Amino acid sequence: MQELYSPREIEAAAQAEWNQTNAFQVSETPDQETFYCLSMFPYPSGKLHMGHVRNYTIGDVIARYQRMQGKNVLQPMGWDAFGMPAENAAMNNKVAPAKWTYDNIDYMRTQLKSLGLAIDWSREFATCTPQYYRWEQWLFTRLFKKGVIYRKNGTVNWDPVDQTVLANEQVIDGKGWRSGAVIEKREIPMYYFRITDYAEELLSSLDDLPGWPEQVKTMQRNWIGKSVGMEVQFPYDQASIGEQGTLKVFTTRPDTLLGATYVAVAAEHSLATQAASGNPKLQTFIEECKRGGVAEADIATQEKKGMPTGLFVRHPLTDEKLPVWVANYVLMSYGDGAVMAVPAHDERDFAFATQYDLPIKPVVRTSAGDHTPAPWNEAYAEKGTLINSDEFNGMDFASAFSAMGEVLKQKELGNARTQFRLRDWGISRQRYWGCPIPIVHCDTCGDVPVPEDQLPVVLPEDVVPDGAGSPLARMPEFYECTCPTCGSPAKRETDTMDTFVESSWYFARYASPHYEHGMVDPKAANHWLPVDQYIGGIEHAILHLLYARFFHKLMRDEGLTDSSEPFRNLLTQGMVIAETYYRLGENGSKSWFNPADVVVERDAKGKIIAARLGSDGQPVEIGGIEKMSKSKNNGVDPQSMIDQYGADTCRLFMMFASPPDMSLEWSDTGVEGAHRFLRRVWRLANQHSQNSPPPRLDKTSLSDDQKAIRRAIHLAIKQATQDIGQNHKFNTAIAQVMTLMNVLEKAPQQSNQDCALLQEGLETVALLLAPITPHISHALWQALGNQDPVISAPWPLLDEAALVQDRLELVIQVNGKLRGHIEMDADASREDVEAAARENENVLRFTEGLTIRKVIVVPGKLVNIVAN
RNA sequence: GCCUCGAUGGCGGAAUUGGUAGACGCGGCGGAUUCAAAAUCCGUUUCUGGUGACAGAGUGGGAGUUCGAUUCUCCCUCGAGGCACCA
């Protein structure tokens, strides 16, 4: 064993051995329990960032732990390779997105390998290859024929200067990020997945996922947003609208129907369009509503505005004339693009009616009474007894709901209906670097899916986009084709798919990544799926995870897999954050400095009070702790950390600094601390290896001090097993191993028993750290005299007998305040404990002159004496 | 605006789920070793008062339940993630 801990050599040696033995390559072994451990695959953005390192370390710890439990562990890796950054890089550097992407993958693969992850690299793939996306296209055509995919108009951000569609991210304060032009909403035809057909199942099967964080399930439930309500039709007022028909709205509060004093429609609604034709002012207003982006956060925070259309509808029960307004807060994409407004019992309607002087009519008796004077009071929205509602007066919500439903049904003006907040998933993107949508547009036959034997529709890879729309739309050699059905000249669809589609099924492809006869090999898929442990950022809690669940059900319904949910257990990891430093420029702009270039100053207590730039010694401002990002220049390059300290130190620090689901604050000194710990482990093992090999430990003849040492060993086993295996709290597992090391370092090494005990302790340290710091554990395990590598060793077993204590220290409280400690035999009776507590000097002092009312004894823990 | 989550020493965090608040690590301070430094080791470190034994306060703020609250309930403040074309 080398005297000094030298991570570079140790890590290279361990990785070489794993490579040579194909240690992590797995196949379907029928008699062994499987464990599929999956971390969200990376987008190949250029180089690894700390968020990746954290994600893949967490996954690797779990995978290696499960392997030590004797399971057949699959841990794959691949690349989510389509996406916008490749196009942006192309525009900036005049490189084809394909080349940029493949280069990034090559570099990042090397980086990942230096982390020493227990990955089966033989299963690696990138989603931008035809071998992968052809099956996505295949599924698309199947679903299109089934009607699960359909075409309709959708609203997008339109940049009128660059003449292109922008992503929400590219719209900043309502303006295009490159052109600065005011963005407009525009309707274009798009393909949609009917995810709403699966809304009910996506909602109900969340209950079958006990291994998911409650937080994520709640977010998904709210996102799907099931509401039971009523569809109500307001007949057109023929004098104003001039035709027969009804305006359809959806409401969850049909009990307030008699309180409806106006209706509001979205700017894109057909009634709005009709009214605007003879009304230039309204026309202008509608144009104004179309200004700005489509992001819901922007729409929801903008000022509520409206304008009357001059059209009227009739109240379905009273036949009263109600004005039709256009309002910018009504979303065309939710429900029917129209709402009935009940200002007395809805906050938004109340604000709107107050602003535009519309009537407010209370129809529910709430805890605030029968009237609804301004300002708005939350109680107005409560359910209660109906008033001012004719024959419905006195009813509660439930009876009003059914009574109204009955009347509306008879009039054929309404029905009970369940509405979801979830909308169908639009997947058309007017971009180049994505999976081509396999559709041919034929004048005679319409939208024709590309037949299976003509798949894949290959994306040309030598194209450099210029930011003015998709280059595919300008490539006749791509879009000119013949109709697969009738053979006449036709046009190929030039839109590509949302990149969320690729990431919605990659976990299934890993089961049979090179299978050429289908999307997945059903045998392999059913062997490995569902994923036993999925790990990824909390930012994916809704979209990615919902789409993947949806796709899994689509694949199930295609007979590709038997399971209904893709991820049995989910761990959502927090962000990696770091301190930011900046200087103000003359124009008030901030220039940011990387923490690596900054030196901090501390006060007498060690609190950071100031910071200076290392290069010029001048002060910089401390900007607060934020998510590591390019824009704030507070990213720490994982590569430089690995080069300096080794992968094990990096992994240890990341797992120790905080539990995986919380944000992790980067700390250079914390990394040094982790390294220091590994050096201490190495030093003790080296010292121990100088002694002659110890005999077996004789557990029956341990001294009290030796018992205490052995107790520390098994406490560490207990804690680490719980923390790694069940709770995924790696930080406390490591803390317990550190505590064990503190004990072992002080342990004597004289007798054979001492050495045998130290041998047990060091082997335990090596095993417990093996999932976290696999390289040093690999070397230690060998140095401790073991033949088989540590990756094949079983996880250590807890000896409960080692934890037993004869004497316990109990806490004594008076009125809940700590007043002393007593040591008692572990099996002391309640009475003995109480008696001992009553005699305690401090207890007597604090109960002097008081009467003891009650004594609470918690066995093995404390005694609380209640006195007054 | 809506949905979800979070807040504990100088810092990251711990607390067996209602039972000793601050494990473990970082930083600070004091000391040892050293010609000196690095590295390493030992001690100390929530705050306030006190030489000290000790006492009081203390888990973002306010109220409540309880013998006992970081933990449960209600209200508030601040921060983070998501909001459907970033991935």
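Because the structure is a prediction, the values reported are computed rather than measured. Only this structure's heavy atoms are used, side chains among them; waters, hydrogens and symmetry mates stay out. Protein chains get the first letters and strands the later ones, always in sequence-line order, with residue 1 at the start of each.
- Judged by Watson-Crick or G-U wobble contacts below 3.5 Å, the nucleotide B:A15 has no partner.
- Within 4.0 Å (heavy atoms only), A:Ile865 reaches no atom of the nucleic acid at all.
- Across all strands shown, B:U77 forms a Watson-Crick or G-U wobble pair with B:A7, both key distances being under 3.5 Å.
- Two residues, A:Met662 and A:Glu672, neighbour RNA chain B, and the one matched to the more 5' nucleotide by heavy-atom proximity is A:Met662.
- Nucleic acid contact for A:Thr499: sugar-phosphate only, since backbone atoms but no base atoms lie under 4.0 Å from a heavy atom of the residue.
- Position along RNA chain B of the nearest nucleotide to A:Arg429 versus A:Leu664 favours A:Leu664 as the more 5'-ward residue.
- Taking every heavy atom of both residues into account, A:Ala199 and A:Ile224 meet most closely at O-CG2, 4.0 Å.
- Rounded to whole Å, the separation between the P atoms of B:U70 and B:G60 comes to 10 Å.
- With A:Gln573 contributing its side chain and A:Gly51 its backbone, the two residues share a donor-acceptor pair below 3.5 Å.
- Base orientation for B:U17: syn, the chi torsion being within 90° of 0.
- Here the CD1 atom belonging to A:Ile577 is positioned 9.5 Å from the CD atom belonging to A:Glu626, to the nearest 0.5 angstrom.
- Under the Watson-Crick or G-U wobble criterion, with both distances below 3.5 Å, B:U66 has no partner in any strand shown.
- At least one side-chain nitrogen or oxygen of A:Lys729 sits closer than 4.0 Å to the OP1 or OP2 atom of B:A14.
- Annotated as anti: B:G56, whose glycosidic dihedral deviates from 0 by more than 90°.
- With a 3.5 Å ceiling on both atom-pair distances, the Watson-Crick or G-U wobble partner of B:C29 is B:G43.
- Distance from the side chain of A:Ala300 is smallest to B:G1 among B:G1, B:C26, B:C24.
- A distance of about 31 Å separates the C1' atoms of B:G52 and B:G68, rounded to the whole Å.
- Aromatic ring pairs are classed by plane angle as parallel below 30°, tilted from 30° to 60° and perpendicular above 60°; the pair A:His544 and A:His540 is perpendicular.
- We find that NE2 of A:His714 is positioned 24 Å from P of B:U16, with the value rounded to whole Å.
- If you take atom C1' in B:A21 and the same atom in B:G13, they sit 13 Å apart, rounded to whole Å.
- At the phosphate of B:G68, neither OP1 nor OP2 sits under 4.0 Å from any side-chain N or O atom of A:Asn815.
- Atoms OH (A:Tyr547) and P (B:C85) sit 5 Å apart, rounded to a whole Å.
- Checking B:C85, B:G1, B:G68 against the side-chain heavy atoms of A:Asn864 singles out B:G68 as nearest.
- Heavy atoms of A:Pro659 sit under 4.0 angstrom from primed sugar atoms or phosphate atoms, though from no base atom.
- Counting non-hydrogen atoms under 4.0 angstrom, A:Ser663 reaches the backbone sugars and phosphates but no base.
- At the heavy-atom level, A:Arg676 lies under 4.0 Å from the strands shown only through sugar-phosphate atoms.
- Of the nucleotides present, none pairs with B:U20 by Watson-Crick or G-U wobble criteria with both distances under 3.5 Å.
- Under 4.0 angstrom from either OP1 or OP2 of B:U40 there lies at least one side-chain N or O belonging to A:Arg679.
- The side chain of A:Glu539 lies closest to B:G82, out of B:G82, B:G56, B:A84.
- In this structure, A:His540 reaches the bases: a heavy-atom distance under 4.0 Å links it to at least one base atom across the strands shown.
- Partner A:Tyr547 forms a ring pair (Phe, Tyr, Trp, His ring centres under 6.0 Å) with one of A:Phe193, A:Tyr198, A:Trp505, A:Trp425 and no other, that one being A:Trp425.
- Nucleotides B:A15 and B:G22 are separated by 13 Å at their P atoms, to the nearest Å.
- No contact: A:Met40 has no heavy atom under 4.0 Å from any strand.
- Taking atom CE of residue A:Met738 and atom C1' of nucleotide B:G13, one finds them 12 Å apart after rounding to whole Å.
- Among the atoms of the strands shown, only primed sugar atoms or phosphate atoms (P, OP1, OP2) are found under 4.0 Å from some heavy atom of A:Ala295.
- A:Ala657 comes within contact range of the sugar-phosphate backbone alone, with a heavy-atom separation under 4.0 Å but no base atom that close.
- B:U48 sits 24 Å from B:C26 when the P atoms are compared, rounded to a whole Å.
- Taking atom C1' on both nucleotides, B:U8 is separated from B:A14 by 10 Å, rounded to a whole Å.
- Rounded to the nearest 0.5 angstrom, A:Tyr432 OH and A:Thr494 OG1 are separated by 13.5 Å.
- In this structure, A:Asp298 places its CG atom 11 Å from C1' of B:G1, rounding to the nearest Å.
- Listed nucleotides B:A84, B:G1, B:C54 differ in distance to A:Ala297; the shortest reach to its side chain belongs to B:G1.
- Residue A:Val737 is out of contact with every strand shown, counting any heavy-atom pair closer than 4.0 Å.
- Between the CZ atom of A:Phe500 and the P atom of B:C85 there is a distance of 8 Å, rounded to whole Å.
- Nucleic acid contact for A:Tyr43: sugar-phosphate only, since backbone atoms but no base atoms lie under 4.0 Å from a heavy atom of the residue.
- With both ends at atom C1', the span from B:C11 to B:U45 equals 13 Å, rounded to whole Å.
- Looking at heavy-atom distances under 4.0 Å, A:Asp80 makes contact with sugar-phosphate atoms alone, never a base.
- Between A:Trp433 and A:Phe82, the angle of the ring planes goes over 60°, which puts this pair in the perpendicular group of the 30/60° scheme.
- Ring pair A:Phe352/A:Tyr329 is perpendicular by interplanar angle, where above 60° counts as perpendicular and below 30° as parallel.
- What separates CD of A:Glu665 from P of B:G79 is a distance of 17 Å, to the nearest Å.
- Residue A:Phe420 holds its CZ atom at 9.5 Å from CG of A:Leu202, rounded to the nearest 0.5 Å.
- Considering CZ of A:Arg819 and OG1 of A:Thr847, their distance stands at 10.5 Å, rounded to 0.5 Å.
- Within 4.0 Å of A:Arg680, counting heavy atoms only, lie sugar-phosphate atoms of the nucleic acid but no base atom.
- Remark: B:C2 base-pairs with B:G82; criterion is Watson-Crick or G-U wobble with both hydrogen-bond distances under 3.5 Å.
- To the nearest angstrom, C1' of B:A21 lies 13 Å from NZ of A:Lys817.
- For the C1' atoms, the distance from B:U65 to B:C47 is 29 Å, rounded to whole Å.
- With hydrogens and angles left out, the side chain of A:Gln170 and the base of B:C86 share no donor-acceptor pair within 3.5 Å.
- Note on A:Thr218: only backbone sugar-phosphate atoms sit closer than 4.0 angstrom, heavy atoms only; bases stay farther off.
- Note: CD (A:Gln813) to C1' (B:U66) measures 13 Å, nearest angstrom.
- At a cut-off of 3.5 angstrom, counting only N and O atoms as typed in the model, there is no donor on one side facing an acceptor on the other between the side-chain of A:Asn222 and the base of B:C3.
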